[in-house]
S.K.: 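Let me give you the structure first, and then I'll get to my questions.
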Amino acid sequence: MEKKTLEIKDLKRDFLMGEETVSALKGITFTVLAGEFMTIMGSSGSGKTTLLNIIGCLDKPSSGTYLLDGVDIEKLSRNELARLRNQKIGFVFQSYNLLPRTSALENVELPMMYNGAISSKQRKEKATHALEQVKLADRMGHMPNQLSGGQQQRVAIARALVNDPVMILADEATGNLDSRTSYEIMTVFQELNDKGKTIVFVTHEPDIATFSTRTITLRDGRIIKDFKNDNKRSATEVLKALPVNEDDKI
Amino acid sequence: MNVSNLLRIAFRALQHNMMRAFLTMLGIIIGVGAVIAMVAIGEGSKASIQAQISAMGSNMVTVRPNSNVAGGVRLDATSVQSLSLDDVQALLKQGQYMSAVSPGVSSKGQVINGSLNWSTTLQGVSPAFLDIRDWPLKSGVVFTDKDVSSAAKVCLIGQTVVDNIFINGEDPVGQVIRFSHIPFKIIGVLGKKGENAFGQDQDDVIIAPYTTVMKRIMATVYLQNIYASARNETVTDSASGEISTILRASHRLKPTDADDFTVRTQAELINTFSSTSKLLTILLTAIAAISLVVGGIGIMNIMYVSVTERTKEIGLRMALGARGIDILYQFLIEAILISITGGVIGVILGVAASSLIRIFLSWPTLVSQSSVVLSFMVCALTGVFFGYYPALKASRLDPIDALRYE
């Protein structure tokens, strides 16, 4: 049997809004196997942000079970959740969330700062290696404001990779980018997935979902569609098919 | 999370906000600098007063008769006939805490050398007086006990007297001068003492054996002063108590009678002056301490702003695995780094300021180690105290809200 990275059973999350209880998630069940590239789709208000927070161990469910890499997060304290986030999850955000006035290398080193077991030499080596993986070896000393949006997002991916997590959790990671750069970023994700990384990608763009191997669609706190995509598109080829330089033609 | 990582994170955060960190530090810098400079001024004036009083002989205890009032007119000490040579003998015989005792009489008058004359004071004392006053000779010798018993007409003269009646620079030792028609042979010149704490010229004096002054000049058997010297500075109070006891017995005073003499130690003088400068020090320190507190509030203010401004960063750090305590330490260490760096700069500035005050204003300043250590510690504590609440606020943020904070 294949290894289960995520195992979610009958997950519910209620919020208390004054007197009223609002249910953002009304019973979600799914499993993500190691090596899958899954997208979670849904319009706003569908509960995908709530689900993302729980998958990212930033929030706990009201009921139901969530096992991340075999660990039940229900029983964990706030500090243990922090540790879990540090070692098992790599976050990639829509707005990159890099520390300003801090070099790309130092930004990538950041998660390892919260892991006392890593020496400063190892930290530097790992961060360099991660930046090489996203093809930014020549931009290590650059500050975020000296990098393009796509490059910043690649730094963020390197930061998510660096602690060798069991899953990369991307939240609208292409939302702030133009289509060409989005495809470039998807290329990076697909390459990582080819190397065996499990990726959970939250998006509202159906176009992006076509690059993944599986898509879950949420509506109103429930899964309405769980689609297995057997012939995913290759981002590299889409990129090749794009006109070489759109700006020059105008 | 180890300490070196924490320090590195805090240090980088400060590095990225150099200007703001410096402005925040400014309050602490000024506070600490002010404390150190102010305390240095206070301590300096205290030390200089102490040194001046010590120059009069720090172990010296003086006894004076209580002043006499006759028909509403206060008479001068010569008129008071309460101290006698018997008292000096009693003190010499019974004293435990005294190393030397000298009688003292003095007379004002003109001293004449050839065509020059000068108004000065003739003091009659025993040879022990110079030890009591800690007063070395510049040249010549001190008169002896034999000179005292024979009421020899010999004297030692102070520098001011030399300057006024030996204007051609001749050596006064061996010369004969006249005081109240009595010729005195100069056998020694006193070393220069300068002004005392009250601004009196201590070198405007002629010193002769007390017997000579009492018999040949003043024709009295009573003393105006008794000078004594305690064995060391720590027993001056015991010595002064002992003198009181002995003199009361010698004067046959009943327990209900008031003293007919006054015992005064240099320590009392020092205390009188010290308490004034101590008050000054406390006042200056209080003002400076207030500025330190203001500086601390400045840190707190900036740290609060910093926490709010960096909410998103805090959220990110939490998402990447920082625990609440890591965030708490980060901001706490930032605050402490700011205050300690400010403290170091403040110490340097304070020391420099007190040197400048000494050089350009010629005020005596003394940078005391305790003020440096204390203000530095207060600084670190300020950092912890005023940095704690903003740091706590940061550590309690919810990562979800913090990440989405705009």
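These numbers come from the heavy atoms of this one structure, side chains and all, not from hydrogens, waters or symmetry mates. Computed from a predicted model, the values in this text were never measured in an experiment. Per chain, numbering begins at 1; letters A, B, ... match sequence-line order.
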S.K.: Side chains of A:S77 and A:N79: any donor to acceptor distance under 3.5 Å?
M.R.: no

S.K.: Indicate the ring-plane relationship of A:F37 and A:F201, choosing parallel, tilted or perpendicular according to the 30° and 60° boundaries.
M.R.: tilted

S.K.: Establish, yes or no, whether a centroid distance under 6.0 Å links the rings of A:F93 and A:F91.
M.R.: yes

S.K.: Which atoms of A:E109 are under 4.5 Å from chain B, going by heavy atoms: the side chain, the backbone, both sets, or neither?
M.R.: side chain

S.K.: Within the side chain of A:K60, is there an N or O that forms a donor-acceptor pair under 3.5 Å with the backbone of A:R13?
M.R.: no

S.K.: Is B:R12 in contact with chain A via its backbone, its side chain, both, or neither, using a 4.5 Å heavy-atom distance?
M.R.: side chain

S.K.: In terms of side-chain heavy atoms, does A:T102 have a donor or acceptor partner in A:N107 at a distance below 3.5 Å?
M.R.: no

S.K.: Tell me, for A:D59 versus chain B, whether the close heavy atoms (under 4.5 Å) come from the side chain, the backbone, both or neither.
M.R.: both

S.K.: Name the region of A:L169, side chain, backbone, both or neither, that has any atom closer than 4.5 Å to a heavy atom of chain B.
M.R.: neither

S.K.: A:L81, A:N163, A:N86, A:T49: which one forms the most heavy-atom pairs within less than 4.5 Å of chain B?
M.R.: A:N86

